[in-house]
Peer 1: 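Structure provided below as structure tokens; questions to follow.
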Amino acid sequence: MITPSGLAWLRVAGIALMILAVVEVDAIETPRDRPLRLPNDTYPLHYQLHISSNIHTGTLLFSGNATIDVLIRRSTNEIVLHAKNLTDIQITVHRLATSDAGLETFVLVDDLTHTFYEQAAFLIIHPQDDHQAFGEGQRYRLEILYTAIMRNRAMGLYYMDYHDEKTNSTVYVAATQSEPTYARLIFPCYDEPGFKSNFSITLTHGSTHSAISNMPVKKLISHGDLTTTHFHATPPMSTYLVAFVISNFESISETYRGVTQSVYSSPTTKEKGQSALKNAVRTVAAMEDYFGVSYPLEKLDHVALKKNYGAAMENWGLITFKEANLLQQDSDDVHKRVKDKITQNHEIAHQWFGNLVSPEWWTYAWMNEGFATYFGYVITDLLYPEEKVMDMFVADEADRAYSYNSFFDVRPMTSYVEKEKDIMAAFDIITYKRAACVIKMFHHAFRQKLFVKAISHFLEK
């Protein structure tokens, strides 16, 4: 059993596993320098992702099977995708072939190997001999088996522990953080926002726990102490929005206009989510009416976690929050009460700005965060006019945005980034606050009717 108390041993074991993985491939990196962006020669059509975890026992090691259908856009001698800190990698590749009778079958391609390019976290599948193996227009199915270890920090697939007062025991929970470049820590993938695809996610977990993901549950299969939860396929979406939680959490729910919204939290805090649930139901309806674009999924979950990357994360259909930002909307502190609603509504706005319409690259992160920030305030102001929310926008967003003039940090809202650390740094005051102020200026300049019409057109297109 791998437990949090054994992390020192775990690090040693992890290093050993990585060394073994290196021995199994021809080289740890390719000999030539490469761009840090994925080539556009191939494109993912569909992912079937199966993660198996025993987090209910405190085991941090998990295994995965990522089966990816790939289209060859341009003839190439390699298929390049992202994978980081994944070990025991085994890859099987099949080519889609059509028989004389018109039947489609997958034919094994057995002359391939794989190498790593660590600078860009690339997993490169290529022939053992250097020749053009993948022809334009062909389709391939990659089946990639691997193992990895959950993290303590909110990056990739990570764990938390809770104290169960009833049994005086520790309960372990797993959750994901994929934005901006952490999906590659969970499974091999095309981990750039422009590579949108459908995801069919399956999770095998302890029967004492349940699993939720971006989409509703399709079926449950019980086998002894374990349960396998299958989810419906997602619409096309970016890898940074892939999410799931494995936990013993309980939920409260409400359905309105065909959308079921739920607030998940640890059993002892279940009823503290009532205000957040009420706000979420009102906000989704208000945004549908405001933009004239319906929320496209059947459900939207809001999960209160002990640990989260930032205050909240807008995964499509499954928003994760730090507990304090979701479960305290009845606080006596008026400013916190309203700010928590704004935070929740910011993430709900992302269901349109970022999830439905996504950036091709992180150069345009401000179009995600600026719109979500601004409309988080606008919709909250519409729902709670007595709180004078737009006055809070001036104090909490505009004042900081206009006073942020560091000589070293100032940059255009649209600015190119490439390295992982630079992508992370792009999520700053300029991307959130200054972008929101610029959008507010456009709103003022074009007036309500024309501005909203343009936004609706942007979302529909």
Side-chain angles (χ1 to χ4, degrees), residues 2 46-68 83 85-86 88 143-151 154-162 171-179 182-189 191 197-235 237 239-251 260 262 264-266 297-305 307-308 313 315-320:
I2 302 175
H46 187 264
Y47 291 81
Q48 297 177 62
L49 176 62
H50 188 169
I51 300 290
S52 298
S53 165
N54 287 316
I55 189 60
H56 63 292
T57 66
T59 303
L60 303 185
L61 187 72
F62 68 92
S63 61
N65 180 340
T67 300
I68 313 170
N85 293 351
L86 307 180
D88 300 327
E143 183 179 14
I144 307 175
L145 307 179
Y146 61 95
T147 59
I149 296 167
M150 294 185 196
R151 293 168 170 261
M155 300 165 58
L157 181 55
Y158 65 100
Y159 73 91
M160 292 150 281
D161 57 85
Y162 292 78
V171 177
Y172 294 96
V173 168
T176 57
Q177 171 67 34
S178 298
E179 190 184 36
Y182 300 144
R184 65 192 68 174
L185 295 168
I186 307 172
F187 62 104
C189 58
D191 200 12
S197 187
N198 306 94
F199 295 81
S200 295
I201 296 174
T202 300
L203 302 173
T204 295
H205 52 88
S207 297
T208 57
H209 284 34
S210 60
I212 53 177
S213 187
N214 303 89
M215 298 297 289
V217 173
K218 184 177 182 179
K219 63 179 178 179
L220 296 171
I221 300 176
S222 179
H223 31 97
D225 294 335
L226 298 176
T227 297
T228 297
T229 304
H230 297 260
F231 297 92
H232 288 279
T234 70
M237 69 179 192
T239 52
Y240 79 87
L241 297 171
V242 170
F244 54 87
V245 176
I246 301 171
S247 71
N248 69 331
F249 287 178
E250 297 181 0
S251 66
T260 299
S262 304
Y264 286 82
S265 61
S266 61
L297 306 184
E298 294 179 15
K299 64 95 172 176
L300 178 57
D301 298 332
H302 309 256
V303 186
L305 296 170
K307 288 188 294 189
N308 199 61
M313 174 58 206
N315 314 297
W316 211 357
L318 176 56
I319 304 172
T320 56

Peer 1: Which heavy-atom pair separates Ala243 from Thr176 by the least distance, and what is that distance?
Peer 2: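 Between these two residues, the closest heavy atoms are CA-OG1, 3.1 Å.
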Peer 1: Once salt bridge (Lys or Arg N to Asp or Glu O under 4.0 Å) is applied, do any residues pair with Lys307, and if so which ones, sequence neighbours excluded?
Peer 2: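 Expected list: none.
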Peer 1: Can you find a pair of side-chain heavy atoms, one from Pro216 and one from Phe231, that are under 4.5 Å apart?
Peer 2: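 Pro216 vs Phe231: side chains apart.
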Peer 1: Would you compute the distance between atom NZ of Lys299 and atom CE of Met215 and round it to the nearest 0.5 angstrom?
Peer 2: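 One finds 8.0 Å between NZ of Lys299 and CE of Met215.
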Peer 1: Taking all heavy atoms of Tyr172 and all of Gly58, pick out the closest pair and write down the distance.
Peer 2: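 Taking Tyr172 first and Gly58 second, the nearest heavy atoms are CD1-CA, 3.4 Å.
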Peer 1: Mind checking the OH-CD1 spacing from Tyr146 to Ile51? Nearest 0.5 Å is all I need.
Peer 2: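 Spacing of OH (Tyr146) from CD1 (Ile51) equals 3.5 Å.
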Peer 1: Who pairs with Phe244 by ring pair (Phe, Tyr, Trp, His ring centres under 6.0 Å), at least two apart in sequence or on another chain?
Peer 2: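 By the ring pair (Phe, Tyr, Trp, His ring centres under 6.0 Å) rule, Phe244 matches no residue at all.
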Peer 1: Who pairs with Thr239 by side chain to side chain donor-acceptor pair (under 3.5 Å), at least two apart in sequence or on another chain?
Peer 2: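 Residues passing side chain to side chain donor-acceptor pair (under 3.5 Å) with Thr239: Asp191.
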Peer 1: To the closest 0.5 Å, what do you measure between CD1 (Ile212) and OG (Ser247)?
Peer 2: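 The OG atom of Ser247 is 6.0 Å from CD1 of Ile212, to the nearest 0.5 Å.
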Peer 1: Does Tyr158 have any ring pair (Phe, Tyr, Trp, His ring centres under 6.0 Å) partners at least two apart in sequence or in another chain, and if so, which?
Peer 2: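 For Tyr158, no residue satisfies ring pair (Phe, Tyr, Trp, His ring centres under 6.0 Å) once neighbours in sequence are set aside.
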Peer 1: For Leu86 and Ala148, work out which heavy atoms get closest and say how close.
Peer 2: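 For Leu86 and Ala148, the tightest heavy-atom pair comes out as CD2-CB, 3.7 Å.
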Peer 1: Please report the shortest heavy-atom distance between Ala211 and Thr229, naming the atom on each side.
Peer 2: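 So the minimum-distance heavy-atom pair works out to CB-OG1, 4.1 Å.
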Peer 1: Do Glu143 and Asn65 touch side chain to side chain, with heavy atoms closer than 4.5 Å?
Peer 2: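 The answer is yes, as the side chains (C-beta and beyond) meet within the 4.5 Å cut-off.
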Peer 1: Determine whether Pro235 and Leu297 make a side-chain contact, defined as any pair of heavy atoms from C-beta on separated by less than 4.5 Å.
Peer 2: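 Yes. Closest side-chain heavy atoms under 4.5 Å.
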Peer 1: So does Val242 get a backbone contact from the side chain of Ser178, meaning a donor-acceptor N/O pair under 3.5 Å?
Peer 2: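 Yes, the answer is positive, given that a donor and an acceptor are paired below the 3.5 Å cut-off.
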Peer 1: Do side-chain atoms of Asn315 reach the backbone of Leu318 as a donor and acceptor pair under 3.5 angstrom?
Peer 2: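 Pair found, side chain donor or acceptor close to backbone of Leu318.
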Peer 1: When rounded to the nearest 0.5 angstrom, what distance separates OG in Ser266 from CE in Met160?
Peer 2: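 Between Ser266 OG and Met160 CE, I get 11.0 Å after rounding to 0.5 Å.
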Peer 1: Between Met150 and Ile55, is there a side-chain heavy-atom distance shorter than 4.5 Å?
Peer 2: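 SC-SC contact between Ile55 and Met150 confirmed.
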Peer 1: Check whether any side-chain heavy atom of Asp161 lies under 4.5 Å from a side-chain heavy atom of Val171, and answer yes or no.
Peer 2: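 Counting from C-beta outward, Asp161 and Val171 never come under 4.5 Å.
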Peer 1: What I want to check is whether the side chains of His230 and Thr202 have a donor and an acceptor closer together than 3.5 Å.
Peer 2: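 Yes.
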Peer 1: Any side-chain hydrogen bond (donor to acceptor under 3.5 Å, both in side chains) involving residues 207-216? Give me the pairs, sequence neighbours left out, ordered by first then second residue.
Peer 2: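 Passing the test, one end in residues 207-216: Ser207-Thr227.
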Peer 1: Between Asn308 and Ala154, which heavy-atom pair has the shortest distance, and what is it?
Peer 2: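 For Asn308 and Ala154, the tightest heavy-atom pair comes out as C-CB, 3.9 Å.
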Peer 1: Within the structure provided, determine whether Lys218 and Ile201 are in side-chain contact (heavy-atom separation under 4.5 Å).
Peer 2: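 Lys218 vs Ile201: side chains apart.
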Peer 1: Measure the OG1-CG distance between Thr147 and Asp88 for me, rounded to the nearest 0.5 Å.
Peer 2: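 So the OG1 of Thr147 and the CG of Asp88 are separated by 3.5 Å.
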Peer 1: What are the two closest non-hydrogen atoms of Ile186 and Phe62, and how far apart are they?
Peer 2: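 Looks like O-CE1, 3.9 Å.
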Peer 1: Can you list the steps and then say if Thr204 with Thr228 is a side chain to side chain donor-acceptor pair (under 3.5 Å)?
Peer 2: CA-CA 4 Å; Thr204 295; Thr228 297; 2.8 Å; yes
Peer 1: Could you tell me the separation between the CG atom of Leu203 and the CD1 atom of Ile246, rounded to the nearest 0.5 Å?
Peer 2: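 Output value for this atom pair is 5.0 Å.
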Peer 1: Side chains of Ser200 and Asn198: donor-acceptor distance under 3.5 Å anywhere?
Peer 2: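 Note: Ser200 and Asn198 side chains miss the donor-acceptor criterion.
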Peer 1: For Tyr162, check ring pair (Phe, Tyr, Trp, His ring centres under 6.0 Å) against everything at least two apart and list the hits.
Peer 2: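 Phe249.
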Peer 1: Are the side chain of Gln177 and the backbone of Glu179 linked by a donor-acceptor contact shorter than 3.5 Å?
Peer 2: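 Checked: pair present.
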Peer 1: Is there a side-chain contact between Tyr159 and Val173 (heavy atoms, below 4.5 Å)?
Peer 2: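 Side-chain contact under 4.5 Å: no.
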Peer 1: Return yes if a side-chain donor-acceptor contact under 3.5 Å exists between His46 and Ser197, otherwise no.
Peer 2: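 Side chains of His46 and Ser197: no pair found under 3.5 Å.
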Peer 1: Tell me, do His302 and Thr320 make a side-chain contact under 4.5 Å, heavy atoms counted?
Peer 2: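 No. Closest side-chain heavy atoms not under 4.5 Å.
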